[in-house]
Protein chains: 2
Amino acid sequence: MLRAVCSVCGKERTRFSSEPNCECGGVLVPKIDFRYREGPYPVNYPYLERVVSLGEQNTPLLDAGSAKFKLDYFMPTFSYKDRGSKALISSLASMLPKGLEINEDSSGNAGASISAYGTSSGFKVNIFVPENTKPGKINQIKAYGADIHLVKGSRKDVADAAATHPGYYASHVLNPEFRDGMRQLSYEIFRQLDHRSPDRVFVPVSAGTLLLGMVAGFEHLLESGEIDFVPEIVGVQTDAVNPVCSAVNGVTYDKNNSKYSSADALASKEPILMEIMVGKLKKYGKCVTVNEDDIILARSELALKGMYVEYSSATVWAAYKKKHYGGENILVLTGNGLKTP
Amino acid sequence: MLRAVCSVCGKERTRFSSEPNCECGGVLVPKIDFRYREGPYPVNYPYLERVVSLGEQNTPLLDAGSAKFKLDYFMPTFSYKDRGSKALISSLASMLPKGLEINEDSSGNAGASISAYGTSSGFKVNIFVPENTKPGKINQIKAYGADIHLVKGSRKDVADAAATHPGYYASHVLNPEFRDGMRQLSYEIFRQLDHRSPDRVFVPVSAGTLLLGMVAGFEHLLESGEIDFVPEIVGVQTDAVNPVCSAVNGVTYDKNNSKYSSADALASKEPILMEIMVGKLKKYGKCVTVNEDDIILARSELALKGMYVEYSSATVWAAYKKKHYGGENILVLTGNGLKTP
């Protein structure tokens with residue numbers, strides 16, 4: 001079992017309970033108490049005895065002139081979420097009985113990923129999605145074998161529906177194993193740059209699993225003496241949904257604003273990992289927002305360079321173009337463009 | 001320039017002409033007159049000086065119990081066609097002026113691929129597609145920057161429209177460089193199996209670029225002394241469109257049959273590379289057809305194993321299940337399932 005401590009009461013998790021958060025209501029943060037080692041999965045994931053695989057491998061780092069793009073949609077279910085699902089489902093599969101119902105809420109990509117890894121590992125999977133989820137994403141989730149539950153209301157209502165359904169709440173946000181799988185992204189970047197840090201990494205920010213998992217990976221490399229500094233981290237949100245950027249930048253966020261964003265994967269208006277995200281971004285970087293026009297243009301420009309991504313993924317290119325960033329910049333592209341045609 | 005000889009008159013191509021086929025009307029077959037060497041692109045493609053890249057890398061070989069699956073949709077434009085486009089566009093980019101119009105006909109995947117590689121290399125790209133092409137595929141082709149031309153009529157009418165458009169006819173079928181890029185698939189399988197041949201490889205068959213390119217790769221490995229035999233090759237077609245299987249099995253093919261197939265990428269009713277394909281399949285293997293029910297079921301079963309593919313790709317699993325095949329079997333999965341939801 002992954003060692004994890006509560007962000008609120010500081011208590012260490014002692015057992016794999018049916019609720020993935022701490023008894024006090026706080027969230028669990030992975031505790032990485034070993035040195036980084038070079039090697040394939042499950043090296044650097046010592047809590048995993050058996051690792052499930054749907055064919056994941058290192059994703060490409062494409063040098064496209066002014067920036068380098070980490071094509072993190074070269075994945076079995078076509079988004080970076082597979083990094084998290086691989087670690088979470090591997091862990092669950094070794095602790096929980098086959099045939100158990102596992103429940104997950106998602107705006108689309110995490111649902112597809114948990115559906116694929118969960119079902120192929122013998123679980124019965126329920127995925128709860130907002131009712132405005134794109135049909136292509138729903139079809140994909142169903143195809144992997146999960147039952148779909150459309151939920152009216154806010155993103156939080158969707159999460160509540162999943163959390164209260166009978167079975168195990170396999171939340172990709174709360175289960176620390178999911179975030180922990182994201183460390184792999186940092187290791188790949190580190191190795192693809194011949195064992196050093198880039199100057200800066202741009203990531204879209206919503207629930208926080210990518211941001212926090214990636215930061216944990218770089219921190220781990222630093223603590224292990226492998227790199228000299230954690231790269232500057234630029235979190236990116238949209239004009240429509242930006243609670244994290246608002247908190248980082250000290251402005252008020254109106255969660256009832258009616259702005260539309262095509263970046264449908266960036267939907268967390270009240271992220272439960274908020275405080276931890278704000279702390280990490282204040283320590284290592286910043287948070288910038290992009291508007292709808294920026295996003296549409298950015299997606300189109302990336303496609304002309306040969307990278308066909310989701311609108312949510314294009315936000316990092318939109319943010320990168322806003323000012324001159326010197327040094328070596330990595331933009332993480334998270335989701336395949338066929339998901340939102 | 002790739003050395004290539006005409007399959008009809010036997011003459012060697014002496015120049016890169018505006019028409020990719022031989023002056024006598026025959027098709028050009030690559031002539032591989034060097035030994036296989038271990039190494040990254042452009043090793044084994046000595047005719048390429050500069051190689052364009054959109055982030056391709058070796059695709060996964062997933063061991064799923066009874067068979068191994070080559071996930072050849074882990075590609076920049078999400079289908080195996082990128083192997084061919086990489087070689088063809090790299091070659092064209094070194095021989096033809098930037099800004100030239102290049103024209104291509106496709107039922108979808110090759111169009112997206114040529115659009116992405118062609119546009120990002122500075123060409124103006126026109127893609128001619130059958131009018132029943134799925135909207136998702138059309139959107140993807142357009143996104144990469146090509147102009148779309150919808151053509152009524154047969155698959156051959158689409159090809160004729162592209163061939164007669166001003167500019168260079170960058171046909172993925174006729175240009176030998178495209179087929180030649182497919183050799184890479186065989187090298188990857190060979191290396192992923194620790195430098196040996198599998199017993200059998202299943203591939204969907206339509207225009208023939210995958211089949212012929214892959215066979216050329218295995219033949220090259222054999223001639224270079226790297227393997228002891230060319231694996232048995234099982235070509236797969238559908239009940240609806242099966243001119244190659246009909247010829248291999250000595251039955252009459254009615255190209256005017258009205259059967260529908262969801263395998264929309266397997267649309268070549270009169271493939272120009274027919275005779276060469278039939279020769280290779282008779283020499284190394286066989287050709288089997290699968291019906292619509294088989295295909296629908298196969299796609300669903302693959303998704304439950306975590307592999308979300310096009311109907312056209314699922315044909316190989318449908319074919320594999322028809323009887324007991326002993327030994328080590330590789331099934332090539334060619335296109336991402338998000339393309340045909």
Side-chain angles (χ1 to χ4, degrees), chain A residues 52-64 68-71 73-79 82 85-86 89 112-113 115-121 134-146 192 299-309 333 335-341, chain B residues 52-64 68-71 73-79 82 85-86 89 112-113 115-121 134-146 192 299-309 333 335-341:
Chain A
V52 302
S53 171
L54 295 180
E56 328 73 32
Q57 52 185 26
N58 292 351
T59 63
L61 185 68
L62 179 63
D63 191 337
K68 288 175 176 156
F69 296 88
K70 183 70 175 158
L71 308 184
Y73 49 90
F74 274 59
M75 283 283 173
T77 77
F78 321 125
S79 89
D82 291 345
S85 298
K86 183 181 175 78
I89 299 296
S113 186
S115 177
Y117 285 81
T119 304
S120 62
S121 291
K134 300 260 193 316
K137 288 192 176 182
I138 290 178
N139 288 340
Q140 189 191 2
I141 292 169
K142 278 187 187 164
Y144 293 127
Q192 286 169 323
R299 184 186 193 240
S300 167
E301 288 177 347
L302 287 176
L304 293 174
K305 293 173 188 286
M307 293 171 277
Y308 192 54
V309 300
L333 299 180
N336 177 313
L338 295 170
K339 293 202 174 207
T340 54
Chain B
V52 303
S53 170
L54 295 180
E56 330 68 38
Q57 53 185 25
N58 292 352
T59 62
L61 185 67
L62 179 63
D63 191 336
K68 290 178 174 154
F69 295 89
K70 184 70 175 158
L71 308 184
Y73 49 89
F74 273 58
M75 283 281 173
T77 77
F78 320 124
S79 88
D82 291 347
S85 298
K86 183 179 175 80
I89 299 296
S113 186
S115 176
Y117 284 81
T119 304
S120 62
S121 292
K134 299 259 188 321
K137 289 192 176 183
I138 290 178
N139 288 339
Q140 189 192 2
I141 293 169
K142 278 187 186 164
Y144 293 127
Q192 287 168 324
R299 185 189 192 235
S300 168
E301 289 177 345
L302 288 175
L304 293 174
K305 294 172 187 284
M307 294 172 276
Y308 192 54
V309 300
L333 299 181
N336 179 312
L338 295 169
K339 294 201 172 204
T340 52

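In the text below, chain A, chain B and the rest are named by the order of the sequence lines, each starting its count at 1.
For the pair Phe78(B) and Phe78(A), the minimum side-chain heavy-atom distance is 4.5 Å or more.
Both the backbone and the side chain of Ser53(B) come within less than 4.5 Å of a heavy atom of chain A. Neither the backbone nor the side chain of Asp63(A) comes within less than 4.5 Å of any heavy atom in chain B. Neither the backbone nor the side chain of Tyr117(B) comes within contact range of chain A; no heavy atoms are under 4.5 Å apart. Interface residue Leu54(A): backbone and side-chain heavy atoms are both found under 4.5 Å from chain B. Neither the backbone nor the side chain of Phe69(A) comes within contact range of chain B; no heavy atom of the residue lies under 4.5 Å from a heavy atom of that chain. Tyr73(A) touches chain B through its side chain: at least one heavy atom from C-beta onward sits under 4.5 Å away, while N, CA, C and O do not. Using a 4.5 Å cut-off between heavy atoms, Gln57(A) contacts chain B through its side chain alone, with no backbone atom that close.
Contact record, Ala303(A) with Tyr144(B): O-CD2, 3.2 Å, taken as the closest heavy-atom pair. Annotation for Gly55(B) and Pro60(A): closest pair O-CG, 3.2 Å, computed over non-hydrogen atoms. What you find for Leu304(A) and Ala143(B) is that their closest heavy atoms are CD2-O, 3.8 Å.
The choice from Ser115(B), Ala116(B), Pro76(B) that makes the most heavy-atom pairs within less than 4.5 Å of chain A is Pro76(B). Annotation: maximal heavy-atom pairing with chain A below 4.5 Å, among Leu61(B), Asn336(B), Leu71(B), occurs at Asn336(B). The residue among Glu56(B), Met75(B), Lys305(B) with the most heavy atom pairs within less than 4.5 Å of chain A is Met75(B).
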